[in-house]
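The chains referred to below are lettered A, B, ... by the order of the sequence lines, with proteins before strands, and numbering in each begins at 1. These numbers come from the heavy atoms of this one structure, side chains and all, not from hydrogens, waters or symmetry mates.
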Amino acid sequence: MTVIQAGALWRDDGHLTLDAVTAAADGQLGDGEAQVHLHGCDHCLRAVGEAALLTSDVADMLASLRQEETLRALGAPATRRRLSPVAAIAMSTAMAVLAFVTGRLSVSGGDDGPQGSGSNDLGLMVSSATHLQLRAPELAAPAWPSLSRDCLNLELPQ
Amino acid sequence: MGYPGAGDRAEGPADLTTAERAWGERAAELVLVVRAVLATQLRLGVRDPALDDLTQEVVRRALDGQQRARPGAPLRPWVLGIARHVAADEGRRRARLASLDEAGPARAKLEGFPDPGADPEELAGRAEGLERLRTSLAQLPESWRRALLLFHIEDLSYQEIARQLRVPLGTVATWIARGRAQLVALVRKDG
């Protein structure tokens with residue numbers, strides 16, 4: 001795979017152009033003379049390193065933005081959700097207890113289930129609520145809308 | 001000079017499963033970039049034996065940690081993250097060794113060695129950082145922004161981007177290179 005045209009690979013001083021360095025950092029340079037050059041040239045290898053670090057920084061920034069946009073599109077204030085897991089778990093637990101109490105009240109005097117099932121239910125509800133709360137971000141994460149199309153109002157060619 | 005831990009893996013290639021081998025082949029494609037990152041961060045020359053040892057250490061850690069990698073997550077940023085950590089560890093180790101010789105200045109070097117990966121996350125993690133990033137993206141020329149987003153968000157190759165935008169490959173490389181540099185400059189300037 002040779003991606004960049006030969007004429008755009010080399011500078012007059014014998015080193016790689018910025019385009020070639022960027023392509024190498026992105027794994028898009030392919031095999032060939034430029035790859036061989038990179039194994040023996042301090043200058044170009046470090047330039048690729050700089051470009052790779054820049055790529056990594058930009059990728060991290062865009063990933064953060066994408067995550068934020070996803071949560072926002074789902075109607076959740078992302079930063080608050082991340083900042084207060086303890087409060088959220090406490091709230092989930094309280095709801096589980098409330099559900100347990102009301103459930104007990106509604107069946108009291110009626111045909112009860114097996115003895116001791118109430119405490120098992122409570123434990124199950126609390127652990128389920130906590131588990132769901134802890135997994136909430138990862139459950140919500142995959143369905144992010146296209147950052148480029150929906151969130152930044154950019155129209156990408158199809 | 002051998003890096004501590006380098007070459008500890010006793011198993012040979014025959015012990016690897018098919019999935020591990022396939023994964024290893026994908027990781028091997030990143031060796032050049034790993035070498036480049038290590039050379040840049042530690043100011044190593046291409047013929048410095050430490051560069052080979054450290055590259056091997058990155059690959060070893062990546063192979064050992066592949067079980068922890070999120071399924072479907074891109075391999076490149078993850079492996080480059082390991083490279084940054086290995087470089088930081090080695091930088092600190094060298095600074096510690098140097099501090100035995102020259103107690104004062106080396107300490108400053110040790111404390112000053114950057115924590116890999118902390119900067120962009122710290123920046124983008126804050127709401128204001130994200131807003132700044134959004135504004136900076138909007139300030140890029142449309143062609144640069146499109147190329148950047150297609151590469152980083154849509155995960156397209158240069159060739160796919162060139163096809164989609166109907167421009168030569170070299171132009172894609174130029175737009176991506178300029179877009180990245182400009183984006184980081186804008187984000188840092190406004191910060």
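- For Cys41(A), the part lying near chain B is the backbone, with the side chain staying farther off; criterion is any non-hydrogen pair under 4.5 Å.
- The residue from Val172(B), Val33(B), Ile176(B) that alone fulfils the side chain to side chain contact (heavy atoms under 4.5 Å, CB included) condition with Asp26(A) is Ile176(B).
- Here Ser157(B) is the residue among Ala162(B), Ala138(B), Ala83(B), Ser157(B) with the most heavy-atom pairs under 4.5 Å with chain A.
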Inset, instruction - Starting from the C-alpha separation in whole Å, work towards a yes-or-no answer on side chain to side chain contact (heavy atoms under 4.5 Å, CB included) for Leu38(A) and Arg35(B). - result: CA-CA 10 Å; Leu38(A) 279 172; Arg35(B) 282 175 65 84; over 6 Å; no
Inset, instruction - Just do the side chain to side chain contact (heavy atoms under 4.5 Å, CB included) check on Leu53(A) and Gln41(B) with the steps written out, would you? - result: CA-CA 9 Å; Leu53(A) 292 171; Gln41(B) 294 217 299; 3.9 Å; yes
Inset, instruction - May I have the step-by-step check of side chain to side chain contact (heavy atoms under 4.5 Å, CB included) for Leu32(B) and Gln35(A), ending in yes or no? - result: CA-CA 9 Å; Leu32(B) 176 69; Gln35(A) 284 275 6; 3.1 Å; yes
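- Using a 4.5 Å cut-off between heavy atoms, Thr17(A) makes no contact with chain B at all.
- We find the CZ-CE distance between Arg134(B) and Met61(A) to be 13.5 Å, quoted to the nearest 0.5 Å.
- Considering Leu133(B), Val184(B), Val187(B) in turn, Val184(B) is the only one that fulfils the side chain to side chain contact (heavy atoms under 4.5 Å, CB included) rule with Val58(A).
- There is no contact between Leu38(B) and chain A, counting heavy-atom distances below 4.5 Å.
- Neither the backbone nor the side chain of Arg178(B) comes within contact range of chain A; no heavy atoms are under 4.5 Å apart.
- Between Asp42(A) and Arg43(B), none of the side-chain N atoms (NZ, or NE/NH1/NH2) sits under 4.0 Å from a carboxylate O, so this pair counts as no salt bridge.
- The shortest heavy-atom contact between Ala36(B) and Val48(A) is CB-CG1, 3.7 Å.
- When side chains are defined from C-beta on, Arg76(B) does not count as touching Ser56(A), because their heavy atoms never get closer than 4.5 Å.
- Here the closest heavy-atom approach between residue Ala39(B) and residue Leu45(A) is recorded as CB-CD2, 3.9 Å.
- Summarising the geometry, atom CG belonging to Leu65(A) is positioned 6.5 Å from atom CG belonging to Leu137(B); distances are rounded to the nearest 0.5 Å.
- Among Leu18(A), Leu54(A), Thr55(A), the residue with the largest count of heavy-atom pairs under 4.5 Å with chain B is Thr55(A).
- Heavy-atom distances place the side chain of Leu51(B), and not its backbone, under 4.5 Å from chain A.
- Counting all heavy atoms, side chain and backbone alike, Phe151(B) lies closest to Gln28(A) at CE1-NE2, 4.2 Å.
- Crowding of Asp12(A) atom CG: a count of heavy atoms from other residues, nucleotides or ligands under 6.0 Å not exceeding 12.
- With contacts defined as side-chain heavy-atom distances shorter than 4.5 Å, the pair Val46(B)/His39(A) does not qualify.
- Looking at Ala59(A), the atoms closer than 4.5 Å to chain B (heavy atoms on both sides) sit in the backbone and in the side chain alike.
- At a cut-off of 3.5 Å, with distance as the only test, no side-chain donor of Arg180(B) or Thr22(A) sits close to an acceptor on the other residue.
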